[in-house]
Each structure stands twice: as structure tokens, then as C-alpha cells.
Amino acid sequence: MDPFALERYFAQYEFSAPYLLSPSDTEPRTLDEMINRADTECRSLWNSLTLGYTESRGLPALRDAIAAFVTASNGASAGSVTADDVLVFSCAEEAIYTVARVLVRPGDVVACIWPAYQSLYQVARAAGATIRPINARETSAAWDLNVEDIDRSIPDGTRIVVANVPHNPTGMVPSPVSWDRLRQRTQTSGAMLFADEVYRPLGAMRRSLPSSPVIEDNGRSLSLGSVSKAFGLAGVRIGWVVCRDRALLRSLEQYKDYTTICASAPAEVLALIALRCWRDLVDEQEAIIEANVSVYRQFAEDFTELVTSAPVGAGSTCFPSWVGPGTARVMAGRAVTEAGVMVLPGDTFDPTGLGTGHLDLSQRFRVGLGRRSFAEVIGRFADHLTTAYLRER
Ligand SMILES: Cc1ncc(COP(=O)(O)O)c(C=O)c1O
């Protein structure tokens with residue numbers, strides 16, 4: 001499999017650069033904080049935890065809490081999703097790998113909203129699929145899909161349509177018209193809809209999010225969730241798939257016997273604590289993002305000679321263009337070596353040139369809006385841009 005360019009870039013700089021401008025997760029929480037948030041039952045589970053193997057489908061109370069979270073965060077009626085529809089993974093990334101390995105056969109077509117977090121298409125490609133990008137397009141107001149792209153990119157017989165909403169890196173939430181078209185076309189083509197919803201429900205206050213396709217679904221969609229992004233618990237490494245097709249869920253569970261077998265016992269309890277107070281956790285992260293969006297907008301206004309002001313959608317990231325000299329990669333290289341600011345260049349989203357070129361990824365970079373340090377980091381970035389590019393202004 002080709003190296004995961006974005007993750008390799010993070011591996012190089014995330015723990016060496018002092019200032020991170022581009023993380024996609026939100027403010028990380030401490031273990032202490034999470035234990036203090038535990039209700040009586042979770043506290044007793046934590047204190048008496050046995051560190052043996054766990055249930056392969058996931059801790060029953062955790063599967064219940066995930067079902068309740070998916071139901072409530074979609075405004076659906078109680079019981080719309082049940083624990084039997086849920087399979088726990090040791091992070092969303094494991095689930096992405098497993099879904100592609102179980103569903104994709106050589107010669108399949110997999111259509112994917114583009115640009116995309118690399119594993120969402122790379123694992124399917126390694127399994128022999130042809131990847132058809134569905135382009136995200138930028139207007140001054142918002143990112144959106146368009147119906148011609150959707151129709152063109154999802155031929156009859158497509159195996160999977162991969163839809164990451166809210167979208168990394170653009171923050172896109174497709175308009176109701178394009179989302180309905182994507183769902184309709186997925187259905188008529190005979191494809192499964194794999195909805196990567198790890199950024200849900202972040203941004204629901206800024207954009208109204210469409211319901212997850214697994215609500216009122218007949219078994220033709222899978223919803224992917226995680227505690228990493230919306231809750232600030234990326235180090236816990238718990239994710240899940242919700243799907244009403246029990247046979248498919250069993251196949252995923254069986255495949256997992258060859259990856260992790262079962263999730264980590266402490267991680268499951270920490271995820272349970274989080275899911276029992278998810279509204280508070282999301283509200284706190286949203287407040288940080290809201291404040292950072294204002295800071296970002298001011299920055300974009302101050303540096304119009306060098307960067308565009310990309311629309312901010314939902315989720316925790318946005319994806320402006322670099323319009324200064326050279327490529328975004330060269331700019332990012334200078335920022336990290338000269339100012340210690342790590343900036344993720346957009347070309348990491350398409351290292352093998354699969355895209356149709358509608359977006360010049362070599363000029364894009366990702367901005368992460370979820371961290372408390374954002375104002376300080378973007379201030380350092382602004383100082384660097386001034387010194388490095390605007391001295392004569
Ligand atoms: C769209 C998307 N899906 C999945 C993941 C992986 O999430 P996790 O930390 O749960 O493995 C990421 C992480 O950046 C992501 O951006």
C-alpha cells in the first residue's frame with residue numbers, strides 16, 4: 001500500500017514542532033478530567049476493571065451508549081439505533097481498513113468524496129478497486145458537491161460510495177439538494193454508502209447536518225464514528241461502525257479477529273464515560289472552535305496577499321489556498337523550519353495523483369480550528385508570514 005502521506009507528515013512534525021496549525025482533532029482531555037466526569041456506574045467499572053480480553057463486539061454498555069448517541073445526535077426517536085447495530089473498533093482507522101477489506105473485490109468501483117482522508121480510498125484501491133473521485137467544489141459561501149459530478153462518478157454497479165460529512169479537510173456539509181442526489185444515486189447504482197461521520201456532531205450549530213444515512217436505513221449504509229474528533233479523545237483509540245445489516249456486521253467482526261480481536265479494556269470504559277456526557281464535551285469543543293473561527297477570519301483578512309479566506313463549514317478544519325510565492329508545501333517547509341509552525345500541505349491528500357485536478361491541492365493547506373492554542377499558533381504563523389514574505393509592505 002502507498003504510504004499514508006498525511007499521517008507520515010504528522011509523524012515527522014506533530015511531536016517535534018512546537019506549534020501545530022493543522023490538527024484535525026479538538027482539544028485533548030486529560031485522564032483525570034474524564035475520571036472526574038464518570039457517573040457512579042462508570043466510576044465503579046473503572047475502579048474494578050479487569051485487564052483481560054474484552055467482548056469482540058464491544059462492551060455491551062458501550063454499544064448501548066453509542067446507539068443512544070447516534071440516535072440523539074440525529075434527533076431520531078428513541079430506539080432508532082440499537083446496540084445490536086453497533087460494532088466497536090480500536091479506532092475509526094481500523095474500521096476503515098476492515099470495511100474496505102471485507103467489501104471490496106478486484107475490479108470494483110469505489111466512489112469517494114474528494115479530496116479525501118487517504119485511507120478512505122487507499123485500502124479499497126489496494127484491494128483492487130478503481131477509485132472515482134466526487135469533487136468537493138468551493139464557492140465563496142460554502143463547499144458543495146454538484147449533481148453532474150455525482151452522476152458521473154457513481155456508475156451503475158458501484159460497490160461503495162464513501163461520504164465523509166462533515167468533511168476533512170474542507171468542513172463541507174453538502175447542500176440538501178446534492179446530499180439527496182448522492183444518496184439517491186448511491187441507491188440506484190446498487191452501492192453501499194459508507195458514511196464517515198467522525199466529525200459529527202461538531203459544527204451542527206454552524207451548519208445543519210443531514211441525518212446520518214443509518215437512521216431509517218434498510219441495511220445499505222454504514223456509519224463510522226469515533227471519540228477522537230468531537231470529544232477530544234484521540235488517544236483513547238475507540239471507534240465504531242453502525243449498520244443494520246447483521247450479516248455484514250458479523251463479517252466485519254470476524255475480520256477484526258485478524259487485526260485487534262477486541263478493543264482495549266480501559267479505552268472502552270473511557271469511551272463509555274465520554275458518551276454518557278457527550279453533549280457537554282461537544283459544547284466545550286464547539287466553544288473553542290467558535291472563538292477560533294473569528295481569529296481565523298481576521299487572519300485571512302489581514303493576509304489576503306498570501307492566503308484566501310476559505311469558507312468555514314462544520315467539523316474542525318478548513319482548507320484555504322496559499323497564493324503567495326511557490327507551493328503550499330514550500331511555504332509549510334519554511335513555516336516549520338523557520339518558525340516551528342507545522343502546517344499541513346494540501347498535496348498530502350492526494351500523493352499519487354488520483355484526483356481530477358479540479359482543486360489545485362499543491363496550493364492548499366489545512367487549518368485546524370479545534371485547539372485552545374490556536375490564537376497563539378496563528379499569531380506566530382502571521383509573524384512568520386510578515387517576516388518571510390511581506391517585509392517590504
Ligand atoms: C475523515 C477521517 N476519518 C477517520 C479518521 C481516523 O480517526 P481515528 O482517530 O478514530 O482513527 C480521521 C482522522 O484524522 C479522519 O480525518
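Note that the numbering runs from 1 along the sequence shown for the chain. For ligands, and for the atoms within them, numbers begin at 1 and follow the listed sequence.
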Q: Flag the pair K229 and D25 as a salt bridge only when some basic side-chain nitrogen lies within less than 4.0 angstrom of an acidic carboxylate oxygen.
A: no

Q | Shortest protein heavy-atom distance from atom 13 (C) of ligand 1, along with the residue and atom involved | A | K229 NZ, 2.8 Å

Q | Any A234 heavy atom less than 4.0 Å from ligand 1 | A | no

Q: Using the ring of Y389 (Phe, Tyr or Trp, six-membered ring only), decide whether R334 places NZ or CZ under 6.0 Å from its centre and within 45 degrees of its axis.
A: yes

Q.
Below the 3.5 angstrom mark, is there an N/O of S226, backbone or side chain, next to an N/O of ligand 1?
A. yes

Q. Of all the heavy atoms in H167, does at least one lie under 4.0 Å from an atom in ligand 1?
A. no

Q: State whether D151 and R181 are salt-bridged, where the test is any N-O pair (Lys NZ or Arg NE/NH1/NH2 against Asp/Glu carboxylate O) under 4.0 Å.
A: yes

Q: With heavy atoms under 4.0 Å as the rule, classify the contact between I96 and ligand 1 as side chain, backbone, both or neither.
A: side chain

Q: For the pair R297 and E301, find out whether any cationic side-chain nitrogen is under 4.0 Å from an anionic carboxylate oxygen.
A: no

Q: Taking only Lys NZ, Arg NE, NH1 and NH2, and the carboxylate oxygens of Asp or Glu, determine whether R185 and D156 approach each other closer than 4.0 Å.
A: yes

Q: Any atoms of ligand 1 less than 4.0 Å from a non-hydrogen atom of E93? List them with their elements.
A: 11 (O)

Q. For ligand 1, which atoms sit closer than 4.0 Å to a heavy atom of R237?
A. 8 (P), 9 (O), 11 (O)

Q) Hey, is R63 close enough to D85 for a salt bridge, meaning N to O under 4.0 Å? A) no

(Q) Does any N or O of ligand 1 fall below 3.5 Å from an N or O anywhere on N168, backbone included? (A) yes

(Q) For the backbone of G232 and the side chain of T26, can you confirm whether one donor and one acceptor N or O come within less than 3.5 Å of each other? (A) yes

Q. Is the shortest distance from a Lys or Arg side-chain nitrogen in E284 or R372 to a carboxylate oxygen in the other one below 4.0 Å?
A. no

Q. Of the protein's non-hydrogen atoms, which lies at the shortest distance from atom 1 (C) of ligand 1, and what is that distance?
A. D196 OD2, 3.2 Å

Q. Can R152 and D149 be counted as an ion pair, charged N to O under 4.0 angstrom?
A. yes

Q | Contact with ligand 1 for E94, non-hydrogen, under 4.0 angstrom | A | no

Q. So which heavy atom in the protein is nearest atom 5 (C) of ligand 1, and how far is it from that ligand atom?
A. Y117 CE2, 3.5 Å

Q: Among all protein heavy atoms, pick the one closest to atom 8 (P) of ligand 1 and tell me residue, atom and distance.
A: S228 OG, 3.5 Å

Q) Based purely on interatomic distance, does A92 place a nitrogen or oxygen under 3.5 Å from a nitrogen or oxygen of ligand 1? A) yes

Q | Residue N164 vicinity, atoms of ligand 1 by number, heavy atom under 4.0 Å | A | 1 (C)

Q. Near S24, which atoms of ligand 1 are under 4.0 Å from a heavy atom of that residue?
A. 14 (O)

Q. Is the shortest heavy-atom distance from the side chain of R37 to the side chain of R276 under 4.5 Å?
A. no

